[in-house]
Number of protein chains: 2
Amino acid sequence: MNILWLFAHPEHRSLNASLRDDGVRALRAAGHEVRQSDLYAMGFKAVLDADDYAGDDAAGDAAGGRLLVGDAQEDGWRAGTVSADIAAEHEKLAWADALVVHFPLWWFGPPAILKGWFDRVLVQGLASKVKDAQGNTRRYGDGGLAGKRAVVVTSVGAREASFGPRGIHGHIDEVLWPLHHGTFFYTGMAPLPPFVVYGADRLTREDYPAVAEALRERLHGLGTTAPLPYRPERGGDYDEGLELRPELAEGERGLGIHSASGDRPVPVRAEGAPVRAG
Amino acid sequence: MNILWLFAHPEHRSLNASLRDDGVRALRAAGHEVRQSDLYAMGFKAVLDADDYAGDDAAGDAAGGRLLVGDAQEDGWRAGTVSADIAAEHEKLAWADALVVHFPLWWFGPPAILKGWFDRVLVQGLASKVKDAQGNTRRYGDGGLAGKRAVVVTSVGAREASFGPRGIHGHIDEVLWPLHHGTFFYTGMAPLPPFVVYGADRLTREDYPAVAEALRERLHGLGTTAPLPYRPERGGDYDEGLELRPELAEGERGLGIHSASGDRPVPVRAEGAPVRAG
């Protein structure tokens, strides 16, 4: 497979940087092609602004000089005038069969530099408001990035139970909902269960080999692991108002209803050895 | 009250900018003090990196020159050597009784420039790893920002039902979990129900007055609206492993179990004077 490894950590001597190096090595040893977007190393511009579409005079003119983000993105993307750093990421995205999205969890989400990658690179036309031949929006299980797989690799200071189904931080799959469902699945990618290093603050040098081995095992299954079983938008489970049909997960609410397996919340990680902190 | 309005939109002629102007005006007319952090207008640095703590030589030295984010934040904060733009936000935060956090929802989260505000400003010591006299961590319903209130003001293109309890995008309260629970409640702030402009792409000039009026009404209740009823960490509902006790929301899972309204109405903060409108 062709794999794009997105990496967002400010310290190249960190635990996560070591895991990235080991992961990339393992993928290459298994015969995969790997390219990287090491966002800190690239000095990636995090903040979406009008400069991203400065090459496209028409976009601003149409709105009387006012920046309408979605329109400016789509116009720039269609005209080939988005800024060069965005275009370079588009080329990598088109090339990739799978994305590894690797970051430390900060305030229960990706670091700003990674959020900015999604804001700036996943432009309208390519990643949102993608239409099929009948004019229907392709989204949630279909879309501009359909056919690709994506997996989060992240680290947290807390212990695993506190990110479990009844843990105080929220279940890790649901904490990552904006990425898993709102970004990966939304754009058509298949979101795989995340690889999470728990208790990262307490990890010792002696613990590292087991963590790296667990990551290698997960990467080994990158092409075969079953994705999170979200319901596709156009699979018949949602009504015209985009609400789940009343007879499915009847009377229930919560993010778990959007997973199809047995109409009940899914076990976090059906497979794969849990990583334990030392 | 003293109110800090955090604003993250790249276009000062946008719907959101108009709402911000109207909201600030209404708060001032009601006798409140309002200060703003208009992140785009400020050119706020979104990306946390070693430069944020460059004034603190000890931090890097202790780790052999390696950036340990939490430690560098806490050392810099205690020594008063964090960068000037972060210190300026700390001063506003200390001043504020309430935060309005206002942004367009991009990829189901805040724009990178706002995520970067949380990454950089909410430093360890002030906002995380805050200890009480007994050495217990003050978190979730208590913490360095206890006594303050916070409300999200945001806009989405989709219609309301699709962000409802059974909507395909996930319930807006749960989509915003990383902010509401993982950031506001985590640091001790009381998260209020969000103000959301739905169908923002389809809003016409004629619709605007009603939206602005609805926002003014919500802001009128900034000091009195009941917060989201999350369970405090140290209120007895969680066990030592930080899992919800089995007899509460028995057999259930999902983010909804962390709200107490089903079992019993628990005030967000067990102690401390509630903030009242001025």
Side-chain angles (χ1 to χ4, degrees), chain A residues 10-11 13-14 40 46-50 66-70 104 106-113 115-116 118-120 122 140 157-159 161-162 164-171 174-175 177-179 181-183 186 201 231 233 238 241-244 246 249 253-258 265, chain B residues 10-11 13-14 40 46-50 66-70 104 106-113 115-116 118-120 122 140 157-159 161-162 164-171 174-175 177-179 181-183 186 201 231 233 238 241-244 246 249 252-258:
Chain A
E11 175 54 65
R13 289 158 297 182
S14 60
Y40 271 94
V47 177
L48 178 159
D49 60 26
R66 200 155 64 92
L67 175 65
L68 299 174
V69 173
W106 289 353
W107 294 111
F108 299 90
I113 200 169
K115 181 54 168 59
F118 294 115
D119 292 346
R120 297 181 65 233
L122 298 188
Y140 289 129
R159 294 173 202 274
S162 64
R166 290 175 56 93
I168 193 168
H169 303 303
H171 192 293
E174 301 196 338
V175 170
W177 173 266
L179 264 175
H181 189 267
T183 308
Y186 187 103
D201 298 346
R231 303 172 189 272
E233 175 169 333
Y238 295 94
L242 296 178
E243 291 181 287
L244 189 62
R253 39 172 69 197
L255 303 179
I257 66 174
H258 302 289
Chain B
E11 174 55 65
R13 289 159 296 181
S14 60
Y40 271 93
V47 177
L48 179 160
D49 59 26
R66 201 154 65 92
L67 175 65
L68 298 173
V69 172
W106 288 352
W107 293 110
F108 299 90
I113 200 168
K115 181 53 169 59
F118 294 114
D119 292 346
R120 297 182 64 233
L122 298 187
Y140 289 128
R159 294 172 202 275
S162 64
R166 292 175 56 91
I168 193 168
H169 303 303
H171 191 289
E174 302 197 338
V175 170
W177 172 264
L179 263 176
H181 189 268
T183 308
Y186 187 103
D201 297 345
R231 304 172 189 272
E233 175 168 332
Y238 295 95
L242 296 178
E243 291 181 286
L244 188 62
E252 293 175 39
R253 39 170 70 195
L255 303 178
I257 65 174
H258 301 289

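Below, chains carry the letters A, B, ... as their sequence lines are ordered, and counting in each starts from 1. It should be emphasised that the depicted structure is a prediction, and the values quoted were computed from it without experimental measurement.
Applying the side chain to side chain contact (heavy atoms under 4.5 Å, CB included) test to B:V47 and every residue at least two apart in sequence or in another chain returns A:Y40, A:A46, A:I113.
When all heavy atoms are compared, the tightest approach of A:R13 to B:R66 is O-NH1, 3.2 Å. Minimum interatomic distance between B:D119 and A:A112 (heavy atoms only, all atoms of both residues): OD2-N, 2.9 Å. Closest heavy-atom contact between B:P178 and A:V175: CG-O, 3.9 Å. Taking every heavy atom of both residues into account, A:V69 and B:P10 meet most closely at CG2-CG, 4.2 Å. Shown here for B:A249 and A:R166, the closest heavy-atom pair between the two residues is O-NH1, 2.9 Å.
Separating the CG atom in A:L68 from the CD atom in B:E11 is a distance of 7.5 Å, to the nearest 0.5 Å.
For A:E243, the parts sitting under 4.5 Å from any heavy atom of chain B are the backbone and the side chain alike. When heavy atoms are compared at a cutoff of 4.5 Å, B:L122 approaches chain A by way of both its backbone and its side chain. Interface remark: A:F118 contributes backbone and side-chain atoms alike to the contact with chain B (heavy atom separation under 4.5 Å). With a 4.5 Å cut-off on non-hydrogen atoms, A:H258 touches chain B through its side chain but not through its backbone. Heavy-atom distances place the side chain of B:W177, and not its backbone, under 4.5 Å from chain A.
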Evaluation steps, side-chain contact (heavy atoms from CB on, under 4.5 Å), between B:L255 and A:L255 = CA-CA 8 Å; B:L255 303 178; A:L255 303 179; 3.9 Å; yes
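For the options B:G109, B:A50, B:A158, B:G70, heavy-atom pairs under 4.5 Å to chain A are most numerous at B:G109. Here B:P165 is the residue among B:G241, B:P165, B:P246 with the most heavy-atom pairs under 4.5 Å with chain A. Most heavy-atom pairs under 4.5 Å with chain B: of the set A:P111, A:G157, A:P104, A:G116, this distinction falls to A:P111. Contact count versus chain B (heavy atoms, under 4.5 Å) is highest, among A:H169, A:E233, A:R253, for A:H169.
Between A:F108 and B:H181, a ring centre-to-centre spacing not shorter than 6.0 Å is recorded. Aromatic ring centres of B:W107 and A:Y186 lie closer together than 6.0 Å.
Looking at B:K115, its side chain never comes within 3.5 Å of a backbone N or O of A:K115 through a donor-acceptor pair.
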